[in-house]
Amino acid sequence: MKHLAETERIQIRRFIPGATMKRFAVRQWLILFAMVSLTGAAVFGQQTSAPPAEKHPATQQDQKDQKDGTGVVPPGVKLVPQMPGSGAPTPYHFPSAATKTLPNGLKVFVVSDRREPSVAARLIIFSAGGIDDPAGSPGVSQMTANLLTQGTKRRSAQDIADAIDFVGGQLTAQAGKDATTVTLNVVKKDLNLGLDLMSDVVLHPAFKPEELDRRREQLLSSLAVQYSNPDYLASLTFNHVVYSGSPYGWPIEGTPDTVKKLKSEDLAKFHDAHYAPNQGFLAFAGDIAPEEAFALAEKYFGDWPKIDLPAATPAVPAPISGQHIWLIDKPDAVQTQIRVGKLGVRRADPELIPLQVTNRIFGGGYNSRLNTEVRVKKGLTYGAFSSFTPRRFAGSFTAGTFTRTAATVEATKLVVDLMAKISSGDITPKELDFARDYLAGVYPIETETAEQVADRILTAAAFELPADYNSTYPERVRSVSASEAKTAAQRYFTTKDLDIVLVGNTSQFRDELKKEFPGAQLTEIPSDQLDATRPDFRKPAQTSGGTTPESLARGKEILLAGAKAAGGDALTSIKGIAMNESGSMFNQGSEAPIKVSWLVSYPDRSHGQVDFQGQTIMQVCDGKSAWLQFPDKVVDATRFIAEFERGISMFGGGWGAYQRVLDGKLAGRFIGEEEIDGKKTEAVQLEAPFNSVKLYFDPTTHVLAAAHYQSEGQHGMVDNDQRWGDYRTLDGKQFAYTTTIYRDGAKFLESHVEQVNLNPKIDESLFVKPEAPAAK
Amino acid sequence: MRTGSRFAIAVLFVAALAASLAGQEKRDKPEQLRPPKLNFTTHTLANGLQVILLEDHAAPVINLQVWYHVGAKDEQPGHTGFAHLFEHLMFKGSAHVGPDEHSRIIEAAGGFDNASTYDDYTNFFETFPSNYLERVLWLEADRMGSLNVDEANFKSEREVVKEERRVRVDNQPYGLLEEDLRAAAFTVHGYHHTAIGSMVDLDKATIEDVRAFFNTFYKPNNATLIIVGDFKSDEALGWAEKYFEGIPASAKPIPRIDKSEPTQTEERVVNKSYSNTPLPAAVIGYKIPARYAPDSYPLDLASNILAGGESSRLYQTLVYKEQIAVQAAGFGNFTEDPNLFWAYAIMNQGHTAAEGQKAVVAVLDDLKTKPAEAREFDKAENQEISGFILGRNTDEEKAVALGAAAVIGKDPDLVNTELGHYLKLTPADVQRAAAEYFVPQRATVLLVKPAAQ
């Protein structure tokens, strides 16, 4: 491949798509897998918005100076030396669409093209984008979209897959920053079947927990791969820093932590609140007449109830000041991914068109200044590109490239210097002509298929662009004046305020970089420490680091306040607890009742009799060893003794832990405030022996609200989030009567205490490990 | 019109029954949907250049392609990556066109261009407003007749290609996987290596190699010109003659490396560990016949059954039900000479590559032991039909289909006849092909373990 096509850049980023595996995607993936077969061609630096054109001033083109080659024609070869002119352009008009609005507000567009017996239907829901994700939970809109096809009220995931696969069609749903898009591609005869499926998945998705668990597992695996992919990490970081403080900066797919926490209720709630026909735009493209399409739209989407939506007002990102370099260290990288940029303009900003012209000159194509200097002249990269990404409420400008580790600083400097150069407004008339001719001329090509035309029409409608936006685009591109291009360059390409993101083996270029950018603020984060949900983009410090006298003092204060709220010194008089709990265990969406009778003997012994699914199992810890006692066998569980011990310390809302704190045997350090279930908490990370445990305290009542810890699950370590509630006074102390455990984000156990006895008589025989299986 | 779920079930049942009956009959029913025929014409110029023309006047757009029948498999040992490096150099100037001017002229017209190198061929293509056809033909003829690259351009472009290798292979999760599988599967055939080549070989290439390669392979008698879109055929043919006929055919026949791969006799297993691959993977490559060979069709239908959508067997078994893999699929890499059928699984965390291999093989074995049910077989055929329709929307897609049929299949009419080969098949054909090809003595297994951090 001569140069890196835009579509391919995206594909590389999505190396392992994870979410869906449709037939055509399989083939595409083959291409990626068999990457060096280098297939699939497309436009380099294709604009996110549509460049159209009406008439081509071909006659001027002929006169353009032809730069001579070598003039050396091999012996025996006859060539025509003079470049031929062009013919008269075929008149071209942007195809018109028939439109209609349904009573529920859904706007329908039809672009008829009867060449191929196929139809595409595309639905954009403009109120269900990534910017509508709840604060702190990126990934909700995307998971909601991905689960649409995974089961409805009357169809299972398998039914849906089989129905669409049977006709060789495709039905996909994806969330973007501003909207969720659902697309159907079928041959004409299967249109009814396809629309029936499409409407069912949009209107009646089931969000079954077991389907969420499947997708979650897939997505977590994909993210594990993506977090090894420098290109992905560069985009993740760039969005975070440029759109700082705005939902546009959140990763649409979520982060490993937020994905683990997604619950099917969150998705149902998002769907109910955001899937609104009155913010919906449905286009039909292909072998279909308008009247037929309108009737089908009414039939399949007419019953979709309107929703009263509050006006969308996402936080708008604030521009930065000064140059800020973000180094993401990936010591195994052989090449550095480079992104340089800043905020740009909204989609509806009229200045976008002059900016597209200026960007075309700067970095929008193979022959741009950026690619010419960084690739063609210096051989530093395979591709250098820039683009404006205009979104509904904000936008960004990105210049990017990648180069071998040793050339990182040279390439970065070159990108920044080229921006500075164009920001002086120095643009030649020839460059301006070249950019305008391309953007206006390429328009018929980029609207070659009905589906492409429909996309332009949907974009114009959804973003409320002027009614003649598409049909006049080429004229307006051609009318961009030298002074408009100059103004655009001066306003958006300055390098005083700039974010620079470098993902690579930073130890090889860090010092040189500091020398070249002496005024820049520099932040470095190891690639395995990124957390896109945190303002500092970094995971909270672990036990090994971040322990300071201050954090320990504050931790002690919080733990003592918790102990005091629970009963203070009187807790130390509690030698044991006997209690009966009942509740439910959850697995893959099914729920089963569970009962446990506990005998706790502080500090380190416990005996639980578990009744679950008709079986009685004892789980016992004698302080030195642990075991599970089944009716017919005894299984040693000593390797889980730390988990038993943690459980003992947590009963009733942490009584065992408080005893240790009051005895001076347990400490923790304050790690910050965190919001849990919408409420502020103060978090303490415990020191040995509960190193990995974080406790979250209610700052008002000081009682323990939640804990986070890891434990061993069926397939390796799992994250547990435990909650306590229903605190009641018991013998003058505060005892939590309910607890819920989420395992890797999914509800795992929910239980409440039916009866408690304090300081019961301890039957010592319960803590004697049976020699042989309990005989039967 | 649906009135209730019971009725819906009845409708589905009737549909399934109808489908199964259709499966038993045979499938040349007149009502069965077929892709529109591509009404192209073919011509051969005096110098051997093959020309294929397909008019479509719906949009004022043309896609033009020049396919040279030379690819990575034609490279000599120690010269891997050369066909691809050469592809880049075709943009670096000729007698009447300066370095990188080719692309600049196309862009100025409002068009775009690119090229790609495969195992068997290299294609150069442009999509542009239709009134520029004559100019684009002139551009392609000039570089076919007189490519002339200077030393500085050659050296800098070689660095570009090395960056291309880094971004696609060395710095990419699983980027080395295909190289390692092929290297183990092929011992003598050119498919042993991939088109990007090795850094060592790239560094060895000289400008003399460039000239020799050009003089050997970039000849009109080794090329096919395909034009699809808004033009008049007689005018296009006249221009093709005007600009290309001054370039003589090669005096000698185009050399071919005749090294067929010896028959494999036992399963090969390779264990690998890469630094940037956090999930284990199992990839099995089975030796299969070439593209357009009779057995390629049932194997392609097998691919639909194995990996055609989320209802396919590999997805349902490994990803959906067992949940041991994040991705699982199977597809044939059908090329001019026999290549590999890839069956693979990328495992979820906590599952091993060996587990993936076992599960993939079990699914393939099932395909060998009993024929697919009628509905599943019909699904595979429907996917083939719709693939032919949905995959030929643009001028470029049509041009690529014509190029493959002409250059690899030696018969451009395959674009219209190929689907018939699929629709003749029965479930038993697929079962037989699976049983013949999905066997250990054809298999090379690559087991990928994440590297220890």
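Quick note on labels: first sequence line is chain A, next is B, and so on, each numbered from 1.
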Verify side-chain contact (heavy atoms from CB on, under 4.5 Å) between Arg104(B) and Phe434(A), making sure each step is shown before the conclusion. CA-CA 9 Å; Arg104(B) 209 195 65 83; Phe434(A) 184 57; 3.5 Å; yes
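- Taking each heavy atom of Gly379(A) and Val160(B) in turn, the nearest pair found is CA-CG2, 3.9 Å.
- Closest heavy-atom contact between Gly145(B) and Val77(A): O-CG1, 3.7 Å.
- Between the side chains of Gln150(A) and Glu310(B), at least one donor N or O lies within less than 3.5 Å of an accepting N or O.
- Proximity to chain A is limited to the side chain of Lys92(B), based on heavy atoms less than 4.5 angstrom apart.
- How far CG of Asn393(B) is from OG of Ser118(A): 5.0 Å, rounded to the nearest 0.5 Å.
- Judged by distance alone, with hydrogens and angles left aside, the side-chain atoms of Asn171(B) form a donor-acceptor pair with the main-chain N or O of Gln335(A) at under 3.5 Å.
- Contact tally against chain B (heavy-atom pairs below 4.5 Å) for Leu220(A), Thr449(A), Asp159(A), Val187(A): the top residue is Val187(A).
- Nearest heavy-atom pair, Glu448(A) versus Asp395(B), reported as atom, atom and distance to 0.1 Å: OE2-N, 2.7 Å.
- Side chains of Thr90(A) and Asp230(B): a donor-acceptor N/O pair is present below 3.5 angstrom, by distance only.
- For Arg404(A) and Glu163(B), the salt-bridge test passes: some basic side-chain N is under 4.0 Å from an acidic carboxylate O.
- Remark: Arg375(B) qualifies as a cation-pi partner of Phe166(A) under the 6.0 Å distance and 45° angle criteria applied to the six-membered ring.
- Considering only heavy atoms from C-beta on, Thr70(A) stays 4.5 Å or farther from His96(B) through its side chain.
- Considering only heavy-atom pairs separated by less than 4.5 Å from chain A, the leading option among Asn153(B), Ile247(B), Thr122(B), Thr394(B) is Thr394(B).
- Residues Asp100(B) and Tyr366(A) have side chains that bring a donor and an acceptor to within less than 3.5 angstrom of each other.
- Looking only at heavy-atom pairs under 4.5 Å with chain B, the residue among Lys78(A), Lys188(A), Arg214(A) that has the most is Arg214(A).
- Rounding to the nearest 0.5 angstrom, the gap separating the CD atom in Gln158(A) from the OH atom in Tyr320(B) is 4.5 Å.
- In this structure, the separation between CG on Asn63(B) and CD1 on Ile445(A) is 9.5 Å, given to the nearest 0.5 Å.
- Highest contact tally toward chain A, considering only Gly71(B), Pro278(B), Ser156(B), is held by Pro278(B) [criterion: heavy-atom pairs under 4.5 Å].
- One finds no salt bridge joining Glu164(B) and Arg375(A) here, because no Lys/Arg side-chain nitrogen approaches an Asp/Glu carboxylate oxygen to under 4.0 Å.
- Considering only heavy atoms from C-beta on, Pro60(B) stays 4.5 Å or farther from Pro89(A) through its side chain.
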Could you walk me through whether Tyr174(B) and Val225(A) pass the side-chain contact (heavy atoms from CB on, under 4.5 Å) check? CA-CA 9 Å; Tyr174(B) 303 97; Val225(A) 176; 4.0 Å; yes
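- Glu134(B) places no side-chain N or O within donor-acceptor distance of the main-chain N or O of Gly87(A), the cut-off being under 3.5 Å.
- Using a 4.5 Å cut-off between heavy atoms, Asp56(B) contacts chain A through its side chain alone, with no backbone atom that close.
- Expressed to the nearest 0.5 Å, how far CG of Leu79(A) lies from CE of Met144(B) amounts to 10.5 Å.
- Heavy-atom distances place no part of Glu245(B) under 4.5 Å from chain A, backbone and side chain included.
- When each of Ser130(B), Gly111(B), Ala59(B) is scored by its heavy-atom pairs under 4.5 Å with chain A, the top score falls to Gly111(B).
- For Ser146(B) (side chain) and Val73(A) (main-chain N/O), no donor-acceptor pair under 3.5 Å exists by modelled atom type.
- When each of Glu211(A), Glu451(A), Lys377(A), Gln337(A) is checked for heavy-atom pairs under 4.5 Å with chain B, Glu211(A) comes out on top.
- Considering every non-hydrogen atom in both Arg166(B) and Val334(A), the closest pair reads CD-O, 3.8 Å.
- Side chain to side chain, Asn276(B) and Ser228(A) fail the donor-acceptor criterion of an N or O pair below 3.5 Å.
- Side chain of Gln383(B) to backbone of Asp165(A): a donor-acceptor contact under 3.5 angstrom is found.
- Looking at Val167(A), the atoms closer than 4.5 Å to chain B (heavy atoms on both sides) all sit in the backbone: N, CA, C or O.
- Summarising the geometry, atom OG belonging to Ser221(A) is positioned 10.0 Å from atom CD belonging to Gln327(B); distances are rounded to the nearest 0.5 Å.
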Please step through side-chain hydrogen bond (donor to acceptor under 3.5 Å, both in side chains) for the pair Tyr382(A) and Arg168(B), ending with a clear verdict. CA-CA 10 Å; Tyr382(A) 175 51; Arg168(B) 291 183 190 279; 3.0 Å; yes
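- Here the closest non-hydrogen pair linking Leu390(B) and Gly168(A) is CD1-O, 3.9 Å.
- Here Glu107(B) is the residue among Gln316(B), Glu159(B), Glu107(B), Arg392(B) with the most heavy-atom pairs under 4.5 Å with chain A.
- Using a 4.5 Å cut-off between heavy atoms, Leu380(A) contacts chain B through its backbone alone, with no side-chain atom that close.
- The distance from atom CD1 of Ile105(B) to atom CG of Asn367(A), rounded to the nearest 0.5 Å, is 10.0 Å.
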